[in-house]
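Predicted model only: the values in this text are computed from it and were never measured. First listed ligand is number 1; within each ligand, the first listed atom is number 1. Quick note: residue numbers are just sequence positions, from 1.
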Amino acid sequence: MAKNDRANFGSKIGVILASAGSAVGLGNIWRFPYETGNNGGAAFILIYLGCVFILGLPIMVSEFLIGRRSRANTAGAYRVLAPRTQWKWVGRMGVLTGFLILSYYSVVAGWTLEYVVEAGTNSFAGKQPSDFINSFNSFSANPWRPLIWLILFLVGTHLIIIKGVEKGIEKSSKIMMPALFILIIILMVCSVTLPGAGAGIEFLLKPDFSKVTGSVFLSAMGQAFFSLSLGMGCLSTYASYFGKDTSLTKTAFSVGIIDTMVAILAGFIIFPAAFSVGIEPDHGPSLIFITLPNVFQQAFSGVPLLAYIFSVMFYVLLAVAALTSTISMHEVVTAYLHEEFKFTRKRAATLVTISCIVLGIFCSLSLGPTKSITLFGLNTFDLFDYVTAKIMLPLGGFFVSIFVGWYLDKNIVKAEITNNGTLKVNIYKIIIFILRYIAPVAIAIIFINELGILK
Ligand code: TRP
């Protein structure tokens with residue numbers, strides 16, 4: 001395999017921003033709030049935080065070291081590090097997971113474009129909360145509009161992917177991430193000062209443990225993996241472009257903190273706003289699309305120009321955050337096809353884009369015209385979400401922790417985590433302990449517990 005023609009990220013901050021760009025996306029701003037709403041609020045958030053810091057970060061370090069050591073796509077990585085074994089199936093499962101997530105994720109990413117246009121044409125002005133519910137429902141059930149946005153979004157992702165790693169991925173993350181962060185803070189301040197916001201804040205801060213069940217644990221774990229981009233070799237693919245002097249533990253910690261802050265802040269935008277206008281917190285996937293337009297209308301009701309500017313900015317940045325995430329998933333599948341099957345990058349990318357458009361169309365239609373077609377009581381969209389986030393990603397994380405904790409040569413693990421002994425990593429032993437004993441056991445228990453409920 002030609003090692004030297006692989007691209008690299010240009011700078012350390014580029015590494016962090018590209019990884020954070022992958023992690024921060026619709027998972028934080030769209031999925032985290034609705035999962036929190038569905039699972040009862042504060043208690044879910046506490047379990048989620050436990051999953052991020054105890055399971056997520058050590059697994060992130062593991063994915064980083066697998067990628068950087070092997071300098072290969074996720075399936076190739078296992079071929080390099082564990083030749084002639086069945087470990088390659090973990091990588092292959094990751095590629096499949098990425099492909100499935102990308103398909104339904106792009107549907108929601110497409111919705112953000114619709115909202116960019118609605119905000120841009122000032123069509124939120126003067127609307128009531130019930131109007132936002134109606135207009136979202138009629139939009140998502142429309143057979144054509146969401147498909148057009150879905151296709152546009154995937155084509156946009158495609159164009160950046162074929163520009164290559166440094167130019168496409170690193171540059172777009174460097175500008176947009178900080179801008180998104182600032183806007184989120186402004187919006188949070190607006191939201192918590194709305195009349196009646198207190199109930200939403202309480203929902204986020206006052207845990208009610210009587211609502212905690214096995215499925216709350218599974219949802220929290222799935223959300224942690226989803227939000228951190230873990231369990232499918234996404235960050236290992238990015239780490240294959242990392243430089244030798246990148247500290248894997250520090251990068252993982254930074255990404256974990258940034259990702260968690262954005263999710264929590266998003267919660268503090270959505271729930272105070274939802275309670276303020278009387279929208280139920282368990283409204284599901286449409287939650288942010290019906291609560292947020294209200295925030296803009298109400299918080300800036302005296303200054304329509306500000307309402308306009310902030311809503312356009314917000315949806316543009318949300319779309320970009322989604323874009324930096326779709327890029328990272330697309331890259332996993334593209335790098336796999338490019339390196340394992342020797343397609344040119346362009347051809348590999350085209351194949352991925354077209355197949356995701358096709359699957360995405362099924363997911364999108366399943367929210368409207370083909371709603372009645374279900375499996376296990378879930379439409380295609382929800383089924384993709386359930387199977388990937390709650391089964392495939394945790395399973396991927398399980399195998400990654402076994403691979404690095406038990407299979408891989410300890411000298412390799414240590415050399416990667418300490419950059420060949422040049423870094424002092426105090427938490428090295430803790431990371432290994434978690435990977436060996438805590439993570440696999442915890443994931444297995446949460447799984448087995450929930451499979452019983454699944455019937
Ligand atoms: N983490 C991203 C988000 O929160 C989505 C994402 C990108 C992802 N790459 C991934 C999820 C890999 C799971 C696995 O929006």
Side-chain angles (χ1 to χ4, degrees), residues 17-36 48 51-52 55-56 59-60 62-64 66-67 73-74 90-91 93-112 153-154 157 160-161 169 172-173 176-177 180 184 221-239 252 255-256 258-267 285 288 317-336 352 356 384-397 399-400:
L17 287 178
S19 308
S22 165
V24 174
L26 297 171
N28 308 60
I29 295 166
W30 162 73
R31 199 173 187 282
F32 174 77
Y34 94 72
E35 284 283 292
T36 303
Y48 168 77
C51 290
V52 167
L55 304 180
I59 292 179
M60 191 184 295
S62 308
E63 285 207 15
F64 280 161
I66 291 173
N73 69 85
T74 177
V90 176
M93 178 179 81
V95 174
L96 176 67
T97 314
F99 177 67
L100 295 177
I101 297 181
L102 181 57
S103 302
Y104 79 87
Y105 192 95
S106 302
V107 174
V108 184
W111 297 348
T112 65
F153 205 93
L154 276 166
T157 305
I160 297 185
I161 284 284
I169 300 173
S172 44
S173 302
M176 298 298 181
M177 291 283 302
L180 178 69
I184 284 179
M221 177 169 72
Q223 176 60 26
F225 281 104
F226 190 96
S227 191
L228 295 172
S229 300
L230 288 181
M232 53 153 276
C234 186
L235 294 181
S236 90
T237 302
Y238 268 19
V255 173
I258 294 172
D259 188 69
T260 305
M261 292 226 301
V262 174
I264 301 283
L265 288 172
I288 71 156
L317 291 172
L318 184 60
V320 175
L323 185 64
T324 53
S325 300
T326 53
I327 291 169
S328 72
M329 288 180 262
H330 200 299
E331 177 64 23
V332 171
V333 193
T334 300
Y336 170 71
V352 178
C356 279
F384 272 38
D385 182 77
Y386 192 99
V387 170
T388 52
K390 295 189 183 166
I391 298 176
M392 294 171 88
L393 293 179
L395 207 58
F399 285 120
V400 165

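Residues Lys390 and Asp385 are not paired through a salt bridge, judged by the lack of any N-O separation under 4.0 Å between the basic side chain and the carboxylate.
Considering every non-hydrogen atom in both Asn28 and Pro33, the closest pair reads O-CD, 3.2 Å.
Residues that satisfy the side chain to side chain donor-acceptor pair (under 3.5 Å) test with Ser62, not counting sequence neighbours, are absent from this structure. Not counting sequence neighbours, the partners of Thr74 by the side-chain contact (heavy atoms from CB on, under 4.5 Å) test are Tyr78, Val95, Ser236, Thr237, Val332. By the side chain to side chain donor-acceptor pair (under 3.5 Å) test, Thr334 is found to be paired with His330, residues two or more places apart in sequence or in another chain being considered.
The protein residues lying under 4.0 angstrom from ligand 1, judged by non-hydrogen atoms, are Ser22, Ala23, Gly25, Leu26, Gly27, Asn28, Ile101, Tyr105, Phe226, Ser227, Ser229, Met232, Cys234, Ser325, Ser328, Met329, Leu393.
With hydrogens and angles ignored, the 3.5 Å screen pairs no side-chain donor or acceptor of Ser227 with any backbone N or O of Ala224.
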